[in-house]
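What follows is a set of notes on a single structure, which appears directly below.
Just so it is clear: chains get the letters A, B, ... in the order the sequence lines come, proteins before strands, and each one is counted from 1.
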Amino acid sequence: MSAYADPHPKHLLDFHDWSTERLNAILDNADTMSKVLDRPVKKVPALQGLTVCTVFFENSTRTRISFELAARRMSADVVSFAASSSSLSKGESLRDTIETLTAYKIDAYVVRHSASGAAHAVARFSGKPTINAGDGLRAHPTQALLDAYTIRREYGELKGRRVAIIGDIRHSRVARSNAELLTRLGASVVLCGPATLLPRDLAGEGVTLTTDAKAAVKGADAVMALRLQTERMDAGYLGSLPEYIAGYQVNEALLEDAAPNAIVLHPGPMNRDLEISADTADGPRSRVLKQVEHGQAVRMSVLYHLLVGRG
Amino acid sequence: MSAYADPHPKHLLDFHDWSTERLNAILDNADTMSKVLDRPVKKVPALQGLTVCTVFFENSTRTRISFELAARRMSADVVSFAASSSSLSKGESLRDTIETLTAYKIDAYVVRHSASGAAHAVARFSGKPTINAGDGLRAHPTQALLDAYTIRREYGELKGRRVAIIGDIRHSRVARSNAELLTRLGASVVLCGPATLLPRDLAGEGVTLTTDAKAAVKGADAVMALRLQTERMDAGYLGSLPEYIAGYQVNEALLEDAAPNAIVLHPGPMNRDLEISADTADGPRSRVLKQVEHGQAVRMSVLYHLLVGRG
Amino acid sequence: MSAYADPHPKHLLDFHDWSTERLNAILDNADTMSKVLDRPVKKVPALQGLTVCTVFFENSTRTRISFELAARRMSADVVSFAASSSSLSKGESLRDTIETLTAYKIDAYVVRHSASGAAHAVARFSGKPTINAGDGLRAHPTQALLDAYTIRREYGELKGRRVAIIGDIRHSRVARSNAELLTRLGASVVLCGPATLLPRDLAGEGVTLTTDAKAAVKGADAVMALRLQTERMDAGYLGSLPEYIAGYQVNEALLEDAAPNAIVLHPGPMNRDLEISADTADGPRSRVLKQVEHGQAVRMSVLYHLLVGRG
């Protein structure tokens with residue numbers, strides 16, 4: 001029996017309850033949504049009369065707008081609840097907030113929070129379909145889905161593909177979610193970064209670790225650079241920026257031993273000429289803007305699945 | 001002849017111009033709106049093509065979202081004008097702001113302001129249907145309507161019911177609006193709090209005052225706890241929190257002499273274990289989340305009445 | 001051959017690429033939009049399925065709401081991107097932001113920025129129809145269009161009309177855009193202000209300069225007062241406020257030699273009794289609220305033209 005037994009998971013908090021079949025269905029349906037986005041009138045009535053609430057405790061305008069547009073393009077109403085402008089600052093608890101919103105008859109939640117597990121809490125308090133849009137260092141499942149979708153669009157399938165993820169692995173929910181999803185879908189993943197930023201416990205079936213970027217990239221079909229938070233240096237995780245750049249910047253020299261048509265990914269926003277060289281970021285290998293575009297199709301697919309596709 | 005002579009009041013600023021018949025019509029219509037909210041597609045075209053503007057000079061995400069959803073569920077467009085992000089900070093007057101918005105052809109206003117009378121000013125400057133969503137210490141009529149509606153849903157009618165309101169009566173527009181509305185609808189009201197927080201001039205027909213919470217609650221069908229602003233202590237209105245809790249916290253011990261099925265209300269957000277005990281807040285008597293839910297139905301009813309129901 | 005050769009300009013950044021014929025078509029179409037705004041249901045399906053993004057790097061609630069309502073009244077979806085709440089504060093570049101939004105399939109941009117040329121940059125990065133809602137000291141074309149439309153509504157046409165613009169000409173994109181547009185449409189323009197605030201290079205065909213407000217207003221059909229930023233005094237551009245008021249305040253005494261039915265304009269928000277007297281601001285000559293109202297019709301016309309009217 002599968003460890004992912006729920007045939008119709010109610011939430012997308014991480015991939016634990018999700019069967020591989022269902023994850024592939026999300027990606028298949030994103031193809032349909034992509035076609036909607038290619039039409040002049042980019043709107044369908046699928047979620048007419050439903051209300052999606054974005055609950056962002058961390059500021060992320062990009063991700064919020066991506067979800068908001070995904071919902072509105074399926075004719076849902078969207079309400080935005082920004083923690084900073086709310087009575088949470090008056091000491092109201094997360095539970096009270098979510099119970100109040102749920103009494104307003106919100107149909108689904110999209111949650112971003114700096115604390116791992118916050119999206120699980122929202123799902124529990126609301127009892128409504130909840131999408132984790134990033135919680136602490138734990139998970140960011142729609143980012144991983146859009147990365148997987150971007151690679152799939154390039155190669156037809158994930159099976160047998162080799163993906164290198166390079167940078168501050170330790171503090172990256174993107175790396176964690178990608179490592180889990182990509183291996184589930186049949187790819188192999190190499191996580192690479194300075195030893196201080198590369199937690200040993202992430203190694204597992206299909207996931208290898210290395211501090212050698214050249215080795216990580218060798219033969220890779222896709223190379224993902226992670227955003228470097230320069231605050232990490234103050235915390236002692238990193239030496240100097242020049243050292244980091246010399247060892248781990250994704251650039252044309254590093255990509256020499258990658259697969260000939262290897263693509264380059266980045267979750268954005270990019271620090272050009274820090275974790276990625278400007279010419280690679282804007283060059284022919286880059287799929288960074290495709291990731292953004294596919295993110296909307298994938299989020300439409302997830303919202304559709306959770307709100308109307310389970311019946 | 002009634003003191004509330006206007007058969008079709010244009011605004012809901014307080015209850016002065018409203019006949020009891022019309023107030024009951026609002027509550028009757030809230031039943032219809034509640035049924036809309038119970039449907040899978042919670043949307044009707046009643047206000048299609050109309051634009052409602054929320055003008056909030058005090059931050060209240062809960063109340064703003066409640067009105068916004070009420071309007072959008074009747075297919076109105078909603079524009080939010082938050083004073084902090086506006087040119088009011090450049091010294092623009094309230095009058096200029098409202099006249100400008102009115103020139104944009106806004107169809108109705110929802111106003112929250114820390115100054116008593118601000119909603120009246122908006123009604124005068126705009127000439128458009130205006131709903132007071134709380135002005136200073138004066139009035140919060142939709143809160144009172146949702147409280148009345150919640151009690152009515154419980155008991156069928158307000159007539160003959162006894163309602164105790166406990167806490168900082170002095171600084172509560174909720175208490176003022178409730179005392180007026182509930183007595184108009186045939187209930188009797190007991191206002192209760194420490195002497196410093198209990199203005200003598202609120203006593204009147206159907207409204208009694210007491211500093212003794214046990215006496216207030218005796219035989220009550222509904223008990224409302226008011227949020228305690230701890231700032232009041234610094235201002236000398238209150239002794240210590242333990243004293244306040246001992247005397248005025250709404251909890252199971254206090255409720256012993258209430259009517260057997262007495263319900264508990266709170267305008268939210270609650271300070272659990274301060275003005276209300278956590279077990280009462282979350283226990284079987286609590287209608288706190290029902291209040292939130294009914295608030296949306298009542299606000300839909302008010303918006304409908306003012307925008308299309310007067311013809 | 002005309003200097004304004006493009007028969008179908010893609011953007012409205014300034015008036016350089018716009019033929020006079022096309023500018024008149026925008027104003028003609030604003031008449032149609034005005035009629036929509038006079039109907040009880042102020043909404044048409046013209047932009048159904050399209051998404052307009054307002055990108056405001058300077059705070060201007062009035063202008064943003066005017067564009068937002070213009071778009072929504074034609075059934076477009078609107079996304080607001082406020083620079084302060086975005087990752088631009090994390091050092092993300094304007095280019096990255098616009099490329100990201102464009103990958104979300106935004107159909108048109110409305111841009112406000114303190115830097116001259118920012119709207120041109122957005123047009124270049126996005127490749128999508130872009131409207132300049134004010135960039136630095138350079139241009140504010142929809143403000144000039146609404147001013148021209150307001151004068152045209154009054155007099156039937158601009159040809160032969162004399163317009164005086166009084167105040168801080170140096171720091172006013174409104175004055176620059178108006179001088180260009182009004183002369184293009186056949187009016188003559190007098191720019192007037194203290195010598196320190198009156199750049200000599202603005203004189204040109206149909207545009208005269210003077211420091212004498214009495215002379216500027218003489219025979220004028222329309223007199224526009226500009227908002228005075230009191231910060232200018234600290235910068236040494238101005239003497240005292242009483243001096244400014246005595247020389248340049250638009251008031252009934254100054255208007256004595258204007259055309260008998262001369263109208264008064266102001267881009268708002270007004271400093272009453274500074275650059276304009278309160279009685280003139282609120283008197284029968286004032287068209288200030290008409291400007292606001294016409295602004296919405298003109299912006300609807302511009303959005304319609306750029307998004308669907310070019311085909």
**Item:** Distance in Å, A/Asn271 CG paired with C/Asp96 CG, rounded so as to fall on 0.5 Å steps
**Value:** 9.5 Å
**Request:** Might you point out which heavy atoms bring A/Leu37 and C/Lys105 nearest each other, and give the distance in Å?
**Result:** O-CD, 3.6 Å
**Complete:** Rounded to the nearest 0.5 angstrom, the OG1-CE distance for C/Thr100 and A/Met270 is 8.0 Å
**Complete:** The interface call for C/Ser80 against chain A, heavy-atom contacts under 4.5 Å, is backbone
**Item:** Region of C/Leu47 in contact with chain A, defined by heavy-atom distances below 4.5 Å
**Value:** neither
**Beyond-backbone contact of A/Val292 with C/Glu99, side-chain heavy atoms, under 4.5 angstrom** = no
**Request:** Output the option from A/Val41, A/Ile65, A/Asp38 having the highest count of non-hydrogen pairs under 4.5 Å with chain C.
**Result:** A/Ile65
**Asked** Between A/Lys290, A/His294, A/Gln291, A/Lys42, which residue shows the highest count of heavy-atom pairs closer than 4.5 Å to chain C?
**Response** A/Lys42
**Shortest non-hydrogen contact from C/Tyr104 toward A/Gln296** = O-NE2, 2.9 Å
**Fill in**
The reported gap from CG in A/Asp282 to CZ in C/Arg95 (rounded to nearest 0.5 angstrom) is 4.5 Å
**Prompt:** Which pair of non-hydrogen atoms, one from A/Pro40 and one from C/Leu50, has the smallest distance, and what is that distance?
**Reply:** O-CD2, 3.6 Å
**Message:** Suppose a student defines contact as a heavy atom less than 4.5 Å from any heavy atom of chain A. Which residues in residues 67-79 of chain C would they list?
**Reply:** C/Asp77, C/Val78, C/Val79
